[in-house]
Amino acid sequence: MAYDETAQRALLDEASRKSAIVWLCIDGRSSARWHAWLGGHLYLLTGPGEQPDPGLAESGVARVVVRSKDDGRHLLTVDTGVSVLRPSDEDWAMATAELAKLRLNLSDPAHARERWADPAFTVYRLTPRFPLAELPGGLPDDSRRRTPVPTPATTTRPVSLTRRRV
């Protein structure tokens with residue numbers, strides 16, 4: 001199926017709003033992150049007691065894998081530009097309100113937005129770049145698993161399927 005940019009934007013919007021977790025791929029490393037999707041941007045919060053910072057500011061770009069809400073499988077991949085959101089930015093209030101709403105087990109939700117304005121925390125704005133890097137129906141059929149590293153380690157004897165009581 002062919003997707004024009006309008007269809008790609010709609011698909012990304014729908015998938016990102018429904019998925020609580022995305023996979024960030026930066027410099028060959030990937031990690032799961034919770035996020036807020038708002039106004040066509042993905043917002044991430046990092047800092048003490050929150051998600052660790054994966055080095056987004058240094059990279060300036062990130063590849064984001066969005067999974068399907070139905071079965072959790074890889075649905076699409078989008079390349080994004082990365083910028084740091086500052087308290088003086090016009091979307092700060094909306095983004096931090098949405099992050100506070102979606103943050104599970106948030107301590108002191110009434111003051112979270114003020115706490116996140118502290119320089120110890122970073123709110124990132126990820127802006128999608130079109131066309132999408134991978135679309136449904138266009139994903140490779142292979143599992144993308146890597147071949148295990150050769151090792152001389154072995155099991156010296158068969159592992160017992162039963163255990164003796166002591």
Side-chain angles (χ1 to χ4, degrees), residues 3-136 138-140 144-146:
Y3 295 91
D4 63 1
E5 187 172 326
T6 303
Q8 289 182 26
R9 286 182 185 278
L11 180 62
L12 178 62
D13 182 63
E14 182 76 12
S16 298
R17 277 189 297 112
K18 287 186 175 182
S19 182
I21 300 290
V22 294
W23 285 91
L24 280 183
C25 305
I26 303 165
D27 299 328
R29 299 178 323 246
S30 63
S31 56
R33 301 285 183 218
W34 68 272
H35 70 285
W37 176 261
L38 187 65
H41 299 281
L42 191 131
Y43 295 93
L44 297 171
L45 171 67
T46 65
E50 301 295 342
Q51 303 176 103
D53 192 328
L56 285 168
E58 294 81 29
S59 70
V61 295
R63 179 162 273 201
V64 177
V65 175
V66 182
R67 64 190 189 123
S68 168
K69 176 71 172 175
D70 297 332
D71 58 15
R73 293 184 187 182
H74 180 158
L75 180 63
L76 57 90
T77 303
V78 60
D79 291 323
T80 63
V82 176
S83 59
V84 174
L85 190 65
R86 306 275 180 224
S88 58
D89 293 336
E90 67 179 50
D91 52 343
W92 171 266
M94 289 188 316
T96 54
E98 188 69 11
L99 285 165
K101 183 173 87 173
L102 296 173
R103 173 68 164 89
L104 298 176
N105 304 319
L106 180 61
S107 62
D108 192 18
H111 299 99
R113 293 167 58 189
E114 292 81 20
R115 187 171 63 250
W116 295 340
D118 185 283
F121 296 90
T122 306
V123 177
Y124 289 103
R125 179 194 308 118
L126 280 64
T127 305
R129 295 180 178 167
F130 292 92
L132 297 178
E134 293 177 327
L135 291 160
L139 301 175
R144 297 186 183 181
R145 291 185 204 167
R146 294 191 177 143

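Quantities reported herein were computed from a predicted structural model and do not represent experimental measurements.
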Taken in chain and number order and not counting sequence neighbours, the residues that satisfy salt bridge (Lys or Arg N to Asp or Glu O under 4.0 Å) with E90 are none

Between S68 and R73, a side-chain donor and acceptor under 3.5 Å
no

Say you draw a straight line from OG1 of T6 to CZ of F130; how long is it, rounded to the nearest 0.5 Å?
9.5 Å

What's the verdict on side chain to side chain contact (heavy atoms under 4.5 Å, CB included) for V64 and L24, showing C-alpha distance, side-chain angles and the deciding distance?
CA-CA 5 Å; V64 177; L24 280 183; 3.7 Å; yes

Test: R9 and D13 ion pair at under 4.0 Å
no

Non-neighbouring partners of D70 that pass salt bridge (Lys or Arg N to Asp or Glu O under 4.0 Å), sequence neighbours left out
none

Full working for side chain to side chain contact (heavy atoms under 4.5 Å, CB included) between V22 and S16:
CA-CA 8 Å; V22 294; S16 298; 5.6 Å; no

Which residue pairs satisfy the side-chain hydrogen bond (donor to acceptor under 3.5 Å, both in side chains) criterion with at least one member in residues 51-64, sequence neighbours excluded?
D53-Y124, R63-D79

With a 4.5 Å limit on heavy-atom distance, are the side chains of L45 and V123 in contact?
yes

Which heavy atom of G40 sits nearest a heavy atom of P128, and at what distance?
O-CD, 3.2 Å

All heavy atoms of W116 vs all of F121, minimum pair found to be O-CB, 3.5 Å

Evaluate Y43 against D91 for side chain to side chain contact (heavy atoms under 4.5 Å, CB included), listing each step before the verdict.
CA-CA 10 Å; Y43 295 93; D91 52 343; 2.6 Å; yes

Side chain of D89, backbone of R86: donor and acceptor closer than 3.5 Å?
yes

Identify the heavy atoms of T46 and P52 that sit nearest to each other, and give their distance.
CG2-O, 3.8 Å

Residues in salt bridge (Lys or Arg N to Asp or Glu O under 4.0 Å) with K18, at least two apart?
E14

Determine, stepwise, if the pair V78 / L42 fulfils side chain to side chain contact (heavy atoms under 4.5 Å, CB included).
CA-CA 11 Å; V78 60; L42 191 131; over 6 Å; no

P136 side chain reached by L11 side chain, heavy atoms, under 4.5 Å
yes

Can you give me every donor-acceptor pair (side chain of residues 96-104, partner residue at least two apart or in another chain, under 3.5 Å) with its distance?
from	atom 1	to	atom 2	distance (Å)
T96	OG1	W92	O	2.7
T96	OG1	A93	O	3.4
T96	OG1	R113	NE	3.2
E98	OE1	K101	NZ	3.4
R103	NE	E50	OE1	2.6
R103	NH2	G49	O	3.2
R103	NH2	E50	OE1	3.3

CZ of R33 to CD1 of I21: how many Å apart, nearest 0.5 Å?
10.0 Å

Do any N or O atoms from the side chain of Q8 and from the backbone of L132 form a donor-acceptor pair under 3.5 angstrom?
yes

Enter the distance from W34:CH2 to L44:CG here, rounded to the nearest 0.5 Å.
8.5 Å

Quick one: salt bridge (Lys or Arg N to Asp or Glu O under 4.0 Å) partners of R29, sequence neighbours excluded?
none

